[in-house]
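Scroll down for the structure; my scribbles are underneath it.
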There are 2 protein chains.
Amino acid sequence: MQGKAASAQTVASALEAAIHDHRLPPGTRLVEDELSEIYGVSRTQIRAALQALSHRRLVEHQRNRGTFVAQPSVREAREVFEARALLEPRTARSAALRMSDTNISALQAHIDAEHAALHAGQNGRAVSLSGQFHVEIARVADQSTIEAMISQLVVRSSLIIALYWQRRSALCESHAHGALMRAFVARDGALAEELMAQHLLDLVTSLDLRNQSSTPGSLREALI
Amino acid sequence: MQGKAASAQTVASALEAAIHDHRLPPGTRLVEDELSEIYGVSRTQIRAALQALSHRRLVEHQRNRGTFVAQPSVREAREVFEARALLEPRTARSAALRMSDTNISALQAHIDAEHAALHAGQNGRAVSLSGQFHVEIARVADQSTIEAMISQLVVRSSLIIALYWQRRSALCESHAHGALMRAFVARDGALAEELMAQHLLDLVTSLDLRNQSSTPGSLREALI
DNA sequence: GCGGACAAACTTGTATACAATGATGGCCAC
DNA sequence: GTGGCCATCATTGTATACAAGTTTGTCCGC
């Protein structure tokens, strides 16, 4: 329908968005023929898209078995947030120092959209927007390489949240992002760095990362 | 010859090694039919391999034109080393604290191999081994997610070195890695972190990153 | 009824044929 | 001789057909 050209890229983006939004939960099987039918492109394109997602660790490909939405292990979850803890605080600092008024409006719009989604009961969408907020910060910092890394980590974090989120801690997010916004408005790099570091720590502690042997055990766990 | 199974992965690894070793200089065109002949696999596998390398930013794919070994711009070069500066020092600290005697021997063997390659005039191979040293450190730190990121950044750094290295600064590398080893032997995390940070700074300053409009200008530059 | 072997269906793996695109070189008009 | 146009060639893009593997279901012997 749209340009037939970069169809693999289009499919990959659509699938990535669906994963980020929690419309495709971890473990979902992605059958090539079905996707081919759904998106109206040949299996060649679907395979290319799945390969791209596999490189980003968003899906896991099992030879001759199929492709499944990834189920990050507890260990992988910790590692993803450790990586974010190394990358994001300093990036937030750089961003604070380069922040323009236009950037601030855009970020604020993001927060507003996140709240709207949350109040509309679209939790997955809210998580997705909340993650995108972090990517936008990297974009403001004008570091496209780091931005690409953070983008990947953020989507993986979305999978981690889908798996390990404990519901009792509700919407602490909004507070953290609001506080960050104030640091950005004040162009306070040091504060932004510290707030981001704390925000990531809070995120990890809001997860339930006791060893549950995740991937191979999800079935066994579920059935006791 | 070897297992026919994961041939795309095999080809990708072979090409990545060649790029890392400077046997395939930046800008080299990679023709699918040629590679298909060389490795004795079908174009399907070659394309999958090239797609993988493209995701790692080691090659650049131009639609309908072909695939070329990447030529990182000056800007990208700076970004890569900024990312490394965020990831590697703290990783070196963790590694120092987890370092076993076995790890130390393995790292020392790496340094020795690097020296051997250097003295044998295999500069590219030396650069490659020198980069691998950094990856090994991340492995000791037991952070596979960060290790994967550093691995990618290291190979991209190899391309950057191929493009922007100024020969007058010769083998400062060995010194830096030797100093790091001493910090590891002493299990001195703080020192390792500081040495790594300095090492990366030294690396950047040993490059000639004045704006040369890299990618599109290499021809014009060469012919003045 | 239970377990194991076999067969069918479904899904993925791979190669290849063909289409489409872009580069190259020659030709002709001026 | 120079510039633009056209034909040819080399190379990549894409779909599809077929092979190979895995899962599922059935049947039979015990």
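Chain letters run A, B, ... following the sequence lines, proteins first and then strands; every chain starts at 1.
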For this session: Report the nucleotide, chosen from D:dT14, C:dT12, D:dA15, that has the shortest atom-to-atom distance to any side-chain atom of A:Thr44.
Result: D:dA15
For this session: Name the residue closer to the 5' end of DNA chain C, choosing between B:Ser42 and A:Glu32 according to the nucleotide with the nearest heavy atom.
Result: A:Glu32
Seminar exercise, completed: Which of C:dT16, D:dT14, C:dT12 is nearest the side chain of A:Val31? It is C:dT12
Exercise. How long is the gap from CG on A:Leu35 to CD on A:Glu37, to the nearest 0.5 Å?
Worked result: 10.5 Å
Exercise. Which part of the nucleic acid does B:Leu30 contact within heavy-atom distance under 4.0 Å: base, sugar-phosphate only, or nothing?
Worked result: sugar-phosphate
Exercise. Does the separation of the ring centres of A:His55 and A:His61 fall below 6.0 angstrom?
Worked result: no
Exercise. When you check the phosphate oxygens OP1 and OP2 of C:dA23, does a side-chain N or O of B:Arg65 lie under 4.0 Å from one of them?
Worked result: yes
Exercise. Distance-only, no hydrogens or angles: does the B:Ser158 side chain make a donor-acceptor pair with backbone N or O of B:Val154 under 3.5 Å?
Worked result: no
For this session: Please state how far atom CZ in B:Phe68 lies from atom C1' in C:dG22, giving the value in whole angstrom units.
Result: 11 Å
For this session: Would you kindly say whether B:Ser151 and B:Arg56 are connected by a side-chain donor-acceptor distance under 3.5 Å?
Result: yes
Exercise. OP1 or OP2 of D:dT14 sitting under 4.0 Å from any side-chain N/O of B:Arg63?
Worked result: yes
For this session: Name the closest nucleotide to the B:Asn64 side chain, picking from C:dT12, D:dT12, D:dT16.
Result: D:dT12
